[in-house]
Amino acid sequence: MPEKEQGSFQAASNNVNFPEQEQSILEFWKKNDIYKRSLEQRSDQQRYVFFEGPPTANGKPHPGHCLTRAIKDLFPRYKTMQGFLCERKAGWDTHGLPVEVEVCKELGIHSKEDIEAYGVEPFIQKCQSSVWQYMQQWEQLTERLGFWVDLNKAYVTYHQSYVESVWWSLKSFFDRGLLYQGHKIIWWWAQGGTALSAGEVGQGYRTVKDPSVYVKFPLLDRENTSLLVWTTTPWTLPSNQFAAVNEDIQYATVYDAEQDHYLVFAADLVEKIATKMKRELEVKSTCSGKELVGLRYQPPFDYFYKTDGEKTGKLKSGETEPLAWRITSADFVTTDSGTGAVHEAPAFGEVDYELLVSEQARFEPGQGPDLICPVGPNGKFTNEVPDFEGQWVKDADKALTKKLKEENKLYLLEQYEHEYPFCWRADEDPLIQYPRRSWFVKTTEYKDKMLANNQEINWLPEHIKDGRFGNFLGSNVDWALSRERYWGTPLPIWVCQSTGQMEAVGSYDELLAKPGLTGTEVWDKAKAANPDLVDDLKVHKPYIDAITYDSPFESGARMNRVSEVIDCWYDSGAMPFAQWGYPHQGEEDFKQQFPADFISEALDQTRGWFYSQLAISTLLFSDDPEVKLPHPFENCIVLGLMLAEGHVCVKCQHRHMSTVKKCEKCGGKVQRKTEKMSKRLRNYSAPNEIFDTFGADALRWYFFANQPPWTSIIYSSRAIKESIPQFLLRLWNVYSFFVQYANIDGFDPSSVSNPQQLSAESLGSGKGYRPVEQRSELDRWIISELNRTTKTIVERMDNYDNYVACTTLSAFVDSLSNWYVRRSRDRFWAEDKEDTDKLDAYWTLLECLAATCKLAAPFVPFVTESIWQNLTGAFGADANTINSVHLCDYPHPDESKIDEALSRQMNLLREIASLGLSARMNEKLKVRQPLSGMTVVLNDPTDQAWLETHDALLKKELNVQEISYTTDAGDFVTYQVVPNFKLLGPRVGKLMPKVKAAFGAADGKAMLESLSLSGTATLEVEGESIELTADDVEVRLKANEGWAASQGTEAVVVLATELTPELIRGGLARDLVRLIQDYRKERDLERTDRIVLTVQTDSDDLKQAIQENKEYITSETLTAQLLDTSADGGGVEKEIGELKIQLDIEVAGHTSGGA
RNA sequence: GGUCGUGUAGCUCAGUUGGUUAGAGCGCGUCGCUGAUAACGACGAGGUCCCAAGUUCGAAUCUUGGCACGACCA
């Protein structure tokens, strides 16, 4: 932690503990209500609307939630700093099966019967309280991550106001005919009398053998001809309604001589079936499936056919058509197995049922075919199938098959091995697909509007729009809304017990106002008995079910609520209005905060929250002329999945918790492996562990800066740790450097006006401040870079591209650290505290740090806050002033300060420095060894004059005495001219390869001379002369062998490698300085201590080196007095290469100036 | 089986309307710097840009078809 020392700023440790620091920042935010202040500041500004997708509260938060919460925090923070008002209302998803399951586990019960036996009332009460079980963990994570969201005002899906909003929307649908009853085919456990969820079904698959039957469906209009139909569930044959073929498949009519009968089935399968029948099947003709559609047939059983066989209905097109027992087309039919003709019993198959629904849709309402279902919920045939009445359907397979055989309708019978689901609780009970009455929202009627709405949404990544989400919308089916469960929003529909007519209720008050109402006393009693009961429960089962009233449809009859609750996805999808209780209350809030500017969740929400919101909103608001597309959200970042990193032994598969090289068990090699996050494998660390070890900023920065958010993100503490030095630590080091020297020099910025913002303008009043234009080039350069960076970041963030924004910011901090500060160190060490150049350096660095803080604040809110407070703390702000970077305005780029030419030139300079180092490296000439000279050969002389003014810088960086520039250094380099493909390509077209060859053969130097003299050059290709300008040619230099040279894209750098004795002595002097500095450190000298230095050596070279470089040595090491003694003195023995040397240091005094 | 996505260095990933020398970080190796120092820098090795065909003067990039992996759906 910073300790107070003399100077304007608190000392910044260069061994910072981020997690500890973050804790104190959290306290500061809390104590001063910074989040609230950040909103109050913008109270009259334009809104930026954010919707929080409600997490399910009754489960522990895991690392994936850190990512969503980090992204959800980033953009609201950014927009707030930009001046928008962005309120962030939290929300919790509280209903649904997962909650019931959790409570059942606790109670040790399973089935619905168990729940009924336990009592719905206490069960619901347990559900309600169970929801909040992990709330503390959620709130802790939210806060620790720095996710600013209003937890106190959170919306909760079980709250009465929320439920009533949902009711209102459902009433609207009901009244508009968009909410209807139909059938849903579900996996049904007949013996237990309950449906199973997808997850439960998935657990129970087993490989079993079932009969596979090929049945003849005699075609009515074709004599002695049958469609050959295949099924593995003979028990569904009595319920047959259609036979389906694929329009695009070819069908053959074959002749079976043995039976003297014609059969129609897929042409591709003739051979296969002939083999199975062990007989010849002669193909008489073929046709496409399309030609078969519409043909009528006689079903194998006539339980329904005998009465309804001739029934027809009126199509929407005006024609009439038989209701059933005809061939239809379905594209799910394939020739992979069976016959290419599929038996359809819509009651017992989901796709079959969809086929029925689409058939029904062709007819006028009420005219289409009804569902045939002669099987009871107990899985036994009803009296509609008298021959098999009371038989369990699976058991009836045999008898049915026998009957078919007797009636000569069975063509082939075999056994078929496949995966089939059984009940996971009673594993002898096979499940069957079975229709249940269910409520649907007619989303298909608004499909086109949903698609249009989708088109207006800005999806990130873009392919979601027309890919995953668009496709999902395109194949939209009506939303099966109801659930036969307990803990959920009750479906607000009451039925007349006498007429069966229904009406929807839009609010609790509306219900209470119904005539002859009774039943509210059930709730009143419960509440009286237990005053702690949450009032919201009164709109839930079982209390709401007790409420009945007089039927408006028939006098004397009563209205009872239907028993179902609704899908909890509907709850969350209703949040855009239900979070405010709209329209019963919160109208103002809703109008102001709809639609959302921004939402974000992970990819798994495509069919979840993204869809439920869009569907509900489209059905509810699309007809309102005031609601414009898109709604309910405009920008949506779809996050990738989060993966973990395992450490697995190649040999024995033993798992390790962290990166180790050798297996603990067998000593084998341990490899990193990207895999799914798994609680069981424990292949990830808890978020808290990350927070405690590396800090929330580290985690956030890792998420934001390492990949675009929609790719899958690997959550590994190793990777998170590695991301720290790149940015956080580098920024901290620059900051700590600044504070260190500002304090030494007593740099005092307190005269600045408006220190709360520390903007470039406000700094102008500072003491010793000079406008940027008057400062040195390095200062102008970094300020230019700062503004360039700001421009890019704002541009990218406005496009929701946090990744490139981070990359850009990181590159700037790198420039600041590794070029600006590095090149400016001398200036900070300058003796004269009032030196203009020195003050310029401080003001420049201060401006850069302040701006970087503000730029980075939304990404890494903790470290920026800490730096900011110390930077601004220097301005003599009193204790009552609240300084927070999060109350600042986001920087705007000042384009007038962007100097593109300077930027290019500085890059060139950096490249040359880099090339110089590279050449030194190749020649093994360490930087401490001075060299006499260096020649720079430029591709392009444009910036030569500029570079020449920076000789001093390069000389120092590369330790050379002279630098010369040339564009003509034939000895060192070869000129290669290459075509500018981008320009010449379109011009010469197919000649390009020849042109390229001609370039290769041409005399590059001559061509360049011609270009520089006349501005043009001519190239002869295939008898054509091609006129070239300078733009058409790119010059590349290639360093020749035998020189200490390095080549880059813009230049070649050649070093003079001869070492004169004098140069060698210069090197010795530098070696000596290094030794002295080391020794000073060893002796724990203050960096400002002046010394008396004693050097004793036998080497004449070294003695001469000291003599020649006395000035340099003493000033570098703050030596007040240099004693050269040949007598044996005290001190330590050191070595420079082979040379022995004895050093001694005494402190001579203290200087308050820079080193 | 369908839809979508992904495939680039040992690992994790960039690669901006197609332009001939494909980049970063980490890791590895070599070295440098030495009062920002438990920091920092330079250099190096490492690539059939999944495969094939096509379009084009020119393809990591566009088209088609495969293959592999992943997600969702069935």
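The figures here come from the full heavy-atom set of this structure, side chains too, leaving out hydrogens, waters and symmetry mates.
- A:V804 comes within 4.0 angstrom of no nucleic acid atom, judged by non-hydrogen atoms across all strands.
- Checking B:C43, B:U34, B:A39 against every side-chain atom of A:N733, the shortest atom distance belongs to B:A39.
- Between A:M797 and A:N802, the closest heavy-atom pair is SD-CA, 3.9 Å.
- Note on A:R910: nothing from the nucleic acid sits closer than 4.0 angstrom, heavy atoms only.
- Here the nucleotide nearest the side chain of A:S914, chosen from B:A42, B:U34, B:C40, is B:A42.
- Side-chain atoms of A:N980 never come within 3.5 Å of backbone atoms of A:V1033 as a donor-acceptor pair (strictly under, hydrogens ignored).
- With a cut-off of 3.5 Å on both pairing distances, the Watson-Crick or G-U wobble partner of B:G41 is B:C31.
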Problem set entry | A:Y702 vs A:F694, ring-ring contact (aromatic ring centres under 6.0 Å, His included): CA-CA, chis, key distance, verdict | CA-CA 11 Å; A:Y702 172 71; A:F694 309 118; over 10 Å; no

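- Nucleotide B:G58 is matched to nothing when pairs are restricted to Watson-Crick or G-U wobble geometry with both distances under 3.5 angstrom.
- Across every strand in view, B:C49 sits unpaired, with no contact that passes the Watson-Crick or G-U test at under 3.5 angstrom.
- Distance from the side chain of A:Q740 is smallest to B:A36 among B:G5, B:C26, B:A36.
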For this session: Could you walk me through whether A:T711 and A:Y803 pass side chain to side chain contact (heavy atoms under 4.5 Å, CB included), step by step?
Result: CA-CA 11 Å; A:T711 60; A:Y803 173 66; over 6 Å; no

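- When rounded to the nearest whole Å, the span between CD of A:E722 and P of B:G25 equals 13 Å.
- Across all strands shown, B:U16 remains unpaired; no Watson-Crick or G-U wobble contact has both distances below 3.5 Å.
- The side chain of A:Y803 contributes no N or O atom lying less than 4.0 Å from OP1 or OP2 of B:A14.
- Atom P of nucleotide B:G41 and atom NZ of A:K956 are separated by 18 Å, given to the nearest angstrom.
- For the pair A:R730 and B:G41, the criterion of a side-chain N or O lying under 4.0 Å from OP1 or OP2 is met.
- Distance, A:F18 CZ to B:A38 C1': 14 Å, rounded to whole Å.
- A:S475 comes within contact range of no nucleotide atom at all, as no heavy-atom separation falls under 4.0 Å.
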For this session: Could you give me the CA-CA distance, side-chain angles and deciding distance for A:F610 and A:L614, then say whether side chain to side chain contact (heavy atoms under 4.5 Å, CB included) is met?
Result: CA-CA 6 Å; A:F610 297 151; A:L614 184 92; over 6 Å; no

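- Taking atom C1' in both B:C28 and B:A45, one finds a spacing of 9 Å when rounded to whole Å.
- Nucleotides B:U34 and B:G41, compared at atom P, are 15 Å apart to the nearest Å.
- Straight-line distance between the C1' atoms of B:C11 and B:U55: roughly 36 Å, to the nearest whole Å.
- With B:C4, B:G19, B:A36 as the choices, the nucleotide that has an atom nearest any side-chain atom of A:H463 turns out to be B:C4.
- For B:A36, the base has a donor-acceptor partner in the side chain of A:S817 [N/O atoms by modelled type, under 3.5 angstrom].
- B:C72: Watson-Crick or G-U partner is B:G2, with both key distances under 3.5 Å.
- Only one option out of A:F9, A:F828, A:Y820 pairs with A:F737 in a ring-ring contact (aromatic ring centres under 6.0 Å, His included); it is A:F828.
- The listed nucleotides are B:G32, B:U3, B:C26; the one nearest the side chain of A:R718 is B:C26.
- Neither OP1 nor OP2 of B:C31 sits under 4.0 Å from any side-chain N or O of A:R920.
- In this entry the distance linking CG of A:N802 with P of B:C13 reads 16 Å, nearest Å.
- Closest approach to the A:V821 side chain among B:A36, B:G41, B:C4 is made by B:A36 (side chain taken as heavy atoms from C-beta onward).
- Residue-to-nucleotide proximity on RNA chain B shows that, of A:P708 and A:S918, the 5′-proximal contact is made by A:P708.
- A distance of about 15 Å separates the C1' atoms of B:A24 and B:G47, rounded to the whole Å.
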Give me, pair by pair, the N or O atoms of the protein and of nucleotides 71-74 of chain B that are less than 3.5 Å apart, along with how far apart they are.
from, atom 1, to, atom 2, distance (Å)
B:A71, OP1, A:K676, NZ, 2.6
B:A71, O2', A:R468, NH1, 3.2
B:A71, N3, A:R468, NH2, 2.9
B:C72, O4', A:R468, NH1, 3.4
B:C72, O2', A:R607, NE, 2.6
B:C72, O2', A:R607, NH2, 3.3

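- Contact annotation: A:R825 reaches the phosphate of B:A36 (side-chain N/O to OP1 or OP2, under 4.0 Å).
- Remark on RNA chain B: of its neighbouring residues A:D1071 and A:Q726, the 5'-side contact belongs to A:Q726, judged by nearest-heavy-atom nucleotide.
- In terms of phosphate contacts, A:N706 brings no side-chain nitrogen or oxygen within less than 4.0 Å of OP1 or OP2 of B:U12.
- Residue-level contact check: A:T711 touches the backbone only, with heavy atoms under 4.0 Å from sugar-phosphate atoms and none from bases.
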For this session: Let me see the working for A:N706 and A:S723 under side chain to side chain contact (heavy atoms under 4.5 Å, CB included), right down to the final yes or no.
Result: CA-CA 8 Å; A:N706 278 273; A:S723 79; 3.9 Å; yes

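- Under the 3.5 Å distance criterion, the side-chain polar atoms of A:K955 are left unmatched by any main-chain donor or acceptor of A:V960.
- Rounded to whole Å, the separation between the C1' atoms of B:C4 and B:G46 comes to 34 Å.
- Nearest to the side-chain atoms of A:F981 among the listed nucleotides B:C4, B:G35, B:U20 stands B:U20.
- Scanning residues 984-997 of chain A for heavy-atom distances under 4.0 Å to RNA chain B yields A:G985, A:P986, A:G989, A:K990, A:M992, A:P993, A:K996.
- A 6.0 Å sphere centred on NZ of A:K994 holds no more than 12 heavy atoms belonging to other residues, nucleotides or ligands.
- Separating the C1' atom of B:U61 from that of B:U56 is a span of 13 Å, rounded to the nearest Å.
- OP1 or OP2 of B:G35 has not a single side-chain nitrogen or oxygen of A:R1074 nearer than 4.0 Å.
- Atom name P, nucleotides B:G66 and B:U3: the rounded distance is 11 Å, in whole Å.
- Relative to the side chain of A:R1080, the nucleotides B:C13, B:A39, B:G35 differ in distance, and B:G35 lies closest.
- The gap from the C1' atom of B:A9 to that of B:A60 amounts to 14 Å, rounded to the nearest Å.
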